[in-house]
Amino acid sequence: MKSVLYFLFALFFAGTSPILAQHEASNSSSSEASFTLKGKVVEAEKYTPISRVNVEIIGRGYTTTNSEGLFEINARIGDELVIRSDDFETVRYEVQNDQRITLEVRKAIETKFVKKRKKSDREDYFVTYIDSAKRSLKIDAKKSIEYVTKALQSVGGKKASSAQNAIAFETLGDINLYWQLPDLAIANYKQSILSISKVNTRIKLATAFKANGNYQESIEELKGLTNLQLSPYQEVQVYEGLGDNYMATNEGVKSVFNYQKALDVANLHSITPKITDLNSKIAQTYAQEGAIDEAEVYYGNSLNLSKGENRKRAAEEKNKVADFYNQKQDFDKEIALRQETLDEIETMEEEGAGSDDINSALTPQRQNYKIANAYVAQDRWDEAIPFLEKSITEADAKEDLVVQKDATRKLSEIYRDIGDFDKAAESYERYVTVVDELYIKKEQELSQATRFSKEIALKQNRISSLESERALNESRYQLAFENQELIQKNNLVQKWIIGSLIAVALLLLFIAFNQKKNVRQQKLANNILALKSLRTQMNPHFIFNALNSVNSFIASSDERAANRYLSEFSRLMRAVLENSEEDFIPLSKEIELLQLYVKLEHFRFKDKFEYEVVVDESISLDNFVIPPMLLQPYVENAVWHGLRYKEEMGMLSIDFKQRDHETVVVTITDDGIGRKKSKELKTENQKKQKSKGMGNIKKRIAILNEMYQDKVDVMVSDVFDDERGTRVQLTIKKD
């Protein structure tokens, strides 16, 4: 793969070198009178410097101001310098000489009052509401959408213009894309483009397509833009977007090719922030393709370039390069970079610019955890332990349960490996506690995400209803107007009435169809959430039962058996947690988990039963999938409620047979005391409680069969005529 990559790039650059040479020659001749223009951007009233302002000479160069409001850009006398920002009025300045300049900008809100004196109230209200929507976009999605709604309502009885519709739906797309609802963003951007097709909106549409996993649609949209007249910054965005899509689809050669084209344009026009980003992305693609030496060169470029940008960007790049050194197993360099990243993060937090997002890589707990992992990879346990403890403390303070869970588990494993079993057990108990808290938090997040999506969809439906209502009002107005001329134009009025009724009927049918579709989609989403919720309930239930087994060994003073059982249990627990987020896993994995679980139960009740697991050799295990932890509760019932109470040695049989090409039958058979006898042996307290594991399984199977058309069928029966023994037969379909 690496040699092919070199060949293609050598072929490309060999073919384009004459064109590049010719282009450079023409540039050199045209830029003889150019010079570096230095300047500063300040706020007009307080004269304070403004950072991150867009500074551009159209067709020649682009840059941004630094933290002190300073900038440098290549210019010539007579060029028009444009200063842009969402927060300030656009300023245009004609370059007159090479002396340092200071440009004053005024807040955008001041321009609104000027416009109020020049434009109608309705038009001004629309602009004001849209501006408010953009300002609250990253703070409150629902409030931002409300402003867009008010903007459209402010148009009044008349129909919104194409320009107003384009702006409103583009703003809606920006809101949904920022809040990670790309499917809604796609619909919004398409609606905006239908009103007025703009390059920037089409670039945003391509970005939404990529975020939604529609890579081919994104690629086609971006390729279509390459044929248009683009500004340098837009050209960089288009080729960078193509590179992002190809990297996401594992097409490394095409990805680097497009990133390099974007980098050439960025270098030519001095678009500094993009130069850093593109060097980093090229390095990432090379690393993904296994071209480590090339990746290291580009990461070196991006690391050096990021030092000239703000502290957060520099920290982000150091973290990326540290991840690369981890991939390269150059752990000393990784640790050094992460230490520098930690220093940057601490400085940012002191300045009040730290990240509030616990999922961000730029948090002390995550960097300490990664440093500890680097030490562990070198078997430097003593040096790893302090960083894990720091990570746990930071994660606990910031309620980052994911890092706290991983760091606590890693600390337990280190203590176990160095032979400090007391501390290992203590850490493992903390790990189990954190896991339980994490499951509760995930359930809450799922519930909140569902409510958030539903509320956003309802608010967007309100905008759609507003447009429909406006259309109905226009129809009513037309009917009233025609009724005034009923005598002269009776036939014409009748046609208008019939046409309007048909339009209303079609509109109502369309609304009813959409509502039915939304109900069906909501039902599917609810089923998926219910499955996830039931699956997360299974794991704590399973952990509780298994820990009871460990407790029984400890109670009987059989520490060796408890340690052996705990070791096997940790293997099973790790496998269960790895599969906990999957909706389906291959049948082969489920069999492995089941065998490990039965082995543990037999280890505890070895004087109660023997077992066998028989798998038909003709079954293509990887072609069949099954929800994780589907079979375990039935096996658990067989052991705990059937075989455990049997006086003589029992037998547990688990048989996997293929009925036909599309169906596998799983039979779980025990010769225990039977269901009736087991109920009689239950205590009064046990009779009051329902089996949580079996209850969840029944609910999961019911939901699965509703979603996937009878995928799983379960039949439970007695084995012998005297009601002893239990047989559970599950029929699993391939699709």
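Predicted, not measured: the structure shown is a model, and the values here were computed from it.
Looking at heavy atoms from C-beta onward, E413 lies in side-chain contact with K410 at the 4.5 angstrom threshold. Within the 4.5 Å cutoff, the side chain of V728 has heavy atoms near those of the L730 side chain. At a threshold of 4.5 Å between non-hydrogen side-chain atoms, the residues F656 and L587 count as touching. In this structure the side chain of K606 never reaches within 4.5 angstrom of the side chain of K608, judged on heavy atoms. For the pair V666/Y634, no side-chain contact is recorded, criterion being any heavy-atom separation below 4.5 Å from C-beta on. A 4.5 Å side-chain heavy-atom check between T731 and R659 finds at least one atom pair inside the cut-off. Contact check for I668 versus L652: side-chain heavy atoms found under the 4.5 Å cut-off. Between I175 and I145, the closest side-chain pair of non-hydrogen atoms falls below 4.5 Å.
Using modelled atom types, no side-chain atom of T726 and backbone atom of D718 make a donor-acceptor pair closer than 3.5 Å. T393 contributes a side-chain N or O that, together with a main-chain N or O of E389, makes up a donor-acceptor pair within less than 3.5 Å. Remark: the backbone N or O of E217 is not paired with any side-chain donor or acceptor of N214 at under 3.5 angstrom. D660 contributes a side-chain N or O that, together with a main-chain N or O of E662, makes up a donor-acceptor pair within less than 3.5 Å. When atom types are taken as modelled, the side chain of D420 and the backbone of R416 share no donor-acceptor pair closer than 3.5 angstrom. With Q327 contributing its side chain and A287 its backbone, the two residues share a donor-acceptor pair below 3.5 Å. Judged by distance alone, with hydrogens and angles left aside, the side-chain atoms of T667 form no donor-acceptor pair with the main-chain N or O of Q729 at under 3.5 Å.
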Open item on the list: Determine whether V712 and V714 satisfy the following criterion, side chain to side chain contact (heavy atoms under 4.5 Å, CB included), listing intermediate values before the conclusion.
Closed with: CA-CA 7 Å; V712 181; V714 181; 4.2 Å; yes
- [ ] Could you give me the CA-CA distance, side-chain angles and deciding distance for M247 and K281, then say whether side chain to side chain contact (heavy atoms under 4.5 Å, CB included) is met?
- [x] CA-CA 9 Å; M247 186 166 72; K281 288 185 177 183; 5.5 Å; no
TODO: Report the C-alpha distance between V719 and D671 in whole Å, list the side-chain angles of each, state the deciding distance to 0.1 Å, and finish with yes or no for side chain to side chain contact (heavy atoms under 4.5 Å, CB included).
DONE: CA-CA 7 Å; V719 177; D671 58 356; over 6 Å; no
Task: CA sep, side-chain torsions, deciding dist, call: D174, K204, salt bridge (charged side-chain N to carboxylate O under 4.0 Å, His left out) - done: CA-CA 8 Å; D174 294 343; K204 291 177 181 179; 3.1 Å; yes
Task: Stepwise side chain to side chain contact (heavy atoms under 4.5 Å, CB included) check, K190 with L205 - done: CA-CA 7 Å; K190 285 182 177 179; L205 175 60; 4.1 Å; yes
Task: Trace of the salt bridge (charged side-chain N to carboxylate O under 4.0 Å, His left out) decision for D670 with K646 - done: CA-CA 11 Å; D670 71 84; K646 191 175 181 182; over 6 Å; no
- [ ] In sequence, state the C-alpha distance, the side-chain angles, and the governing distance for N319 and Q367, and then conclude on side chain to side chain donor-acceptor pair (under 3.5 Å).
- [x] CA-CA 8 Å; N319 179 65; Q367 292 301 319; 2.8 Å; yes
Task: CA sep, side-chain torsions, deciding dist, call: Q365, Y369, side chain to side chain donor-acceptor pair (under 3.5 Å) - done: CA-CA 6 Å; Q365 62 268 26; Y369 177 70; over 6 Å; no
Task: Chi angles and distances behind the side chain to side chain donor-acceptor pair (under 3.5 Å) call for S218, N245 - done: CA-CA 7 Å; S218 180; N245 279 284; 2.9 Å; yes
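The structure places CZ of R644 at 11.0 Å from CG of N637, a figure rounded to the nearest 0.5 Å. Distance check: R366 CZ to I371 CD1 gives 14.5 Å after rounding to the nearest 0.5 Å. Atom CG in L177 sits 10.0 Å away from atom CG in N212 (nearest 0.5 Å). With rounding to the nearest 0.5 Å, the separation of CG in N176 from CG in L181 is 5.0 Å. Note that the CD1 atom of I591 and the CD1 atom of I619 stand 6.5 Å from one another [nearest 0.5 Å]. One finds the CD atom of E334 at 12.5 Å from the NZ atom of K328 (value rounded to the nearest 0.5 Å).
Crowding of Q180 atom CD: a count of heavy atoms from other residues, nucleotides or ligands under 6.0 Å not exceeding 12. Within 6.0 Å of atom NZ in K589, 12 or fewer heavy atoms from other residues, nucleotides or ligands are found, so the atom counts as exposed in its surroundings. Residue-environment remark: CZ (F720) exceeds the threshold of 12 foreign heavy atoms within 6.0 Å. Around the CG atom of D721, the shell of radius 6.0 Å holds no more than 12 heavy atoms that belong to other residues, nucleotides or ligands.
Residues S427 and T408 approach most closely at O-CG2, 3.1 Å, considering heavy atoms. Minimum heavy-atom separation, K657 to D616: CA-CB, 3.9 Å. When all heavy atoms of P586 and D622 are compared, the closest pair comes out as CB-OD1, 4.0 Å. Across Q632 and E590, no two heavy atoms sit closer than the pair N-OE2, 4.4 Å. Minimum heavy-atom separation, H661 to F624: O-CZ, 3.7 Å. The two residues M649 and E610 have their closest heavy-atom pair at SD-N, 3.9 Å.
The ring of W381 has its center no closer than 6.0 angstrom to the ring center of Y415. If you look at F387 and Y375, their ring centroids are closer than 6.0 Å. Close placement of the Y428 and Y431 rings is indicated, their centers lying within 6.0 Å of each other.
Between D713 and K733 there is no salt bridge, since no side-chain N of the basic residue sits under 4.0 Å from a carboxylate O of the acidic one.
Each of Y645, Y611, W640 was scored for a ring-ring contact (aromatic ring centres under 6.0 Å, His included) with F605, with one residue passing: W640.
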